[in-house]
Each structure stands twice: as C-alpha cells, then as structure tokens.
Amino acid sequence: MRIGLFGGTFDPPHHGHLIVASDAYAALGLTRLLLVPSAVHPFKRFRVRAPASLRAEMVRAAVRGDERFEVDELELHRAGPSYTVDTLRALRERYPEAELFLLIGADNVRELPQWHEPEEIVRLARLGVVSRGGGAIREDTELPLVPVPVTRVDISSTEIRRRVAAGESIRYLVPDAVREIVLREGLYRDPILSGDKDPC
Ligand code: ATP
Ligand code: MG
C-alpha cells in the first residue's frame, strides 16, 4: 500500500493542485492520496485569508466523488503549530504497513532543511518532488528526492486571490464548486489583504 500526503494552505484549492494530485497519484502508483489543509501558524495568519473550515470545505468540494483522494483535516484539529513530521507520525500509526510519500512542490524544497525535524521526515516518508512553473528540481541537496513528473500548470492561489480582489474571473482556474464557495462566502475580495505574494 502506498499512501501519499499532499499538504497545502489551499487558499483556495485550484486546478494546479488537482492536476499535481492526479499525476502524482499515477506516477507513484499510490493507493490513496490524502489532501491535508494546513493550519496556519499564528505569525503567518495575516497572509491566509479563508478560515480553515472553509479551506477544508473547498478542498472537499474540489475532489468530491474522486475515490483516489481523501481530504484529511488532522492538522486542523491539532493544537499548537502544525508540523509535517507530526502528520507523518500520525499516518505511520494509522497505516503501519504503508509506504508513505510526501509530495512537495519544487518551490518548497529548498526550505525543507529548515522544517521541523527534517531527518525524521525523510526517515518516515519518501519525498516526491513535483516540478512547478520553470522551477527545476534542485540537485544540490543531500536529501533523497523522488522526482514526480507532472503536467505543468501555472496557476497559484496567490493569482486567484489577486483576480478576485480585482473583480476578474477565476472560472476554469478552480473547479466550479470551489468558485461557488468563494462567491458565496465573499472570500478574497479585500484587495489590501490579497495583494501580497504568499511565500509558502
Ligand atoms: P499560494 O500562492 O497562496 O502560496 P499555492 O498555489 O502555492 O498558493 P499552496 O496551497 O501553497 O498553493 O500549495 C500546496 C502545494 O502545492 C505546494 O507544495 C505547492 O508547491 C504545490 N503547488 C501549488 N500549485 C502548484 C502548481 N500549479 N503546480 C505545481 N505544484 C503546485
Ligand atoms: Mg504556495
């Protein structure tokens, strides 16, 4: 059994995420891919604009009916800062026999050594690195990385928030079900909060 973990703020989830998830599922021969919305550390909170409950609802709406995927809110129910290593430990307990794969975007790999307990992360899971818009997978790292070829789709949540704030359409960038929640809840309309680029 091969279980994949794909975490993100998903603020909001978009077709880039879904194509990565779908391609990685196939490329790694996964049994199940867990989409895990992350809680946001208090010092970063000003950058996240939708509450955790809505981010989770949007991810669920995005993959509803697709049996390959499961939305897991375990990071949202945990007290204190949310560390990937703790999530992997929880998954290891839940699936003692499974091979675990942690998916990360090539844009986030260089920060990995600064994550909490990186050696433990690579002991618990294999790292599947997905390429992203021009950012080649760095080879000057000691970490054992599994490159995961995925269709390049240059969509980001930052761009979606910018468009909503500017009154532009986000149709086709996100699933209709996600767009409906964004509109229903009036998310991302404040241009002051939506202007900056999220570095995560
Ligand atoms: P933001 O612009 O707010 O940072 P994002 O689009 O980067 O949002 P995240 O929720 O931060 O989305 O991303 C979660 C994970 O998905 C990260 O590992 C990120 O690198 C990856 N990812 C997001 N969009 C893409 C994309 N279009 N192609 C490849 N990987 C992506
Ligand atoms: Mg990001």
Side-chain angles (χ1 to χ4, degrees), residues 4-28 33-41 44-52 54-63 69 71-73 75-76 82-84 87-88 101-115 118 121 125-138 141 143 145-166 170 172-175 178-179 181-182 187-188 190-191 193-200:
L5 165 63
F6 187 30
T9 41
F10 299 114
D11 190 25
H14 52 70
H15 278 127
H17 294 129
L18 299 175
I19 287 167
V20 164
S22 182
D23 284 356
Y25 182 92
L28 295 171
L33 177 56
L34 308 180
L35 304 177
V36 179
S38 39
V40 174
H41 198 272
K44 268 187 170 179
R45 185 150 36 214
F46 72 98
R47 289 209 190 92
V48 173
R49 291 118 192 131
L54 281 177
R55 291 186 286 116
E57 183 185 344
M58 289 190 282
V59 183
R60 280 197 305 274
V63 298
F69 306 136
V71 182
D72 199 314
E73 296 185 21
E75 292 195 359
L76 303 181
S82 216
Y83 294 124
T84 299
T87 304
L88 288 172
F101 287 84
L102 173 66
L103 291 184
I104 54 174
D107 55 326
N108 292 338
V109 171
R110 76 189 65 123
E111 275 104 52
L112 193 77
Q114 277 89 57
W115 289 12
I121 290 177
R126 299 178 70 191
L127 296 183
V129 181
V130 300
S131 47
R132 184 172 191 183
I137 295 171
R138 283 161 60 107
T141 170
L143 298 167
L145 306 175
V146 185
V148 182
V150 296
T151 311
R152 297 284 182 100
V153 182
D154 188 12
I155 302 176
S156 69
S157 302
T158 299
E159 168 66 7
I160 289 163
R161 295 191 299 269
R162 187 201 66 72
R163 287 194 184 207
V164 175
I170 58 168
Y172 311 124
L173 299 178
V174 300
V178 169
R179 189 169 52 96
I181 295 169
V182 170
L187 299 174
Y188 315 124
D190 187 334
L193 289 176
S194 297
D196 61 332
K197 166 78 183 89
D198 196 323
C200 336

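FYI, side chains are in, hydrogens and waters are out, and symmetry mates aren't considered; it's all heavy atoms of this structure. Order of listing sets the numbers, starting from 1, for every ligand and every atom in it.
- Only the side chain of Asn108 comes within 4.0 Å of ligand 1, counting heavy atoms alone; its backbone N, CA, C and O stay farther away.
- The NE2 atom of His14 sits 11.0 Å away from atom CE of Met58, with the distance rounded to the nearest 0.5 Å.
- Distances below 4.0 Å separate heavy atoms of Thr158 from the following atoms of ligand 1: 1 (P), 2 (O), 3 (O).
- Close to ligand 1: Val153, with a non-hydrogen atom less than 4.0 angstrom away.
- Using modelled atom types, no side-chain atom of Ser157 and backbone atom of Phe10 make a donor-acceptor pair closer than 3.5 Å.
- Within the 4.0 Å heavy-atom criterion, neither part of Arg152 lies near ligand 1.
- In this structure a side-chain-to-backbone donor-acceptor pair under 3.5 Å is missing from Arg179 to Ile170.
- Each of the following atoms of ligand 1 lies closer than 4.0 Å to a heavy atom of Gly16: 27 (N).
- Distances below 4.0 Å separate heavy atoms of Phe10 from the following atoms of ligand 1: 10 (O).
- For ligand 1, none of its N or O atoms has an N or O atom of Asp154 under 3.5 Å away.
- Ligand 1 has no atom lying under 4.0 Å from any heavy atom of Pro13.
- Around atom 20 (O) of ligand 1, the closest heavy atom drawn from Ile160, Leu102, Asp107, Thr151 belongs to Asp107.
- If you take CG on Leu187 and CZ on Arg55, they are separated by 11.0 Å, rounding to the nearest 0.5 Å.
- Remark: Thr87 pairs with Glu75, Arg78 by the side-chain hydrogen bond (donor to acceptor under 3.5 Å, both in side chains) rule, at least two apart or across chains.
- A side-chain donor-acceptor contact under 3.5 Å links Asp11 to the backbone of Ala50.
- Annotation: the span from Leu127 atom CG to Asn108 atom CG amounts to 12.0 Å, rounded to 0.5 Å.
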Walk me through it: do Glu57 and Arg60 pass the test salt bridge (Lys or Arg N to Asp or Glu O under 4.0 Å)? CA-CA 5 Å; Glu57 183 185 344; Arg60 280 197 305 274; 5.4 Å; no

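- Less than 4.0 angstrom separates some heavy atom of Ser156 from each of these atoms of ligand 1: 2 (O), 6 (O).
- Residue-level proximity to ligand 1 for His14 is carried by the side chain, the only part with a heavy atom below 4.0 angstrom.
- If you number the atoms of ligand 1 from 1 as listed, the ones under 4.0 Å from a heavy atom of Phe6 come out as 15 (C), 16 (O).
- Close contacts of ligand 1 with Gly7, meaning ligand atoms under 4.0 Å from a residue heavy atom, involve 14 (C), 15 (C).
- The distance from the OH atom of Tyr188 to the CZ atom of Arg163 is 15.0 Å, given to the nearest 0.5 Å.
- Less than 4.0 angstrom separates some heavy atom of Gly105 from each of these atoms of ligand 1: 18 (O), 20 (O).
- Annotation for ligand 1: atoms under 4.0 Å from non-hydrogen atoms of Gly8 are 10 (O), 14 (C).
- Contacts with ligand 1 closer than 4.0 Å are made by backbone heavy atoms (N, CA, C, O) of Ser131 only, the side chain lying farther away.
- Scored by the side-chain hydrogen bond (donor to acceptor under 3.5 Å, both in side chains) test, Ser22 finds Arg68 as partners (sequence neighbours excluded).
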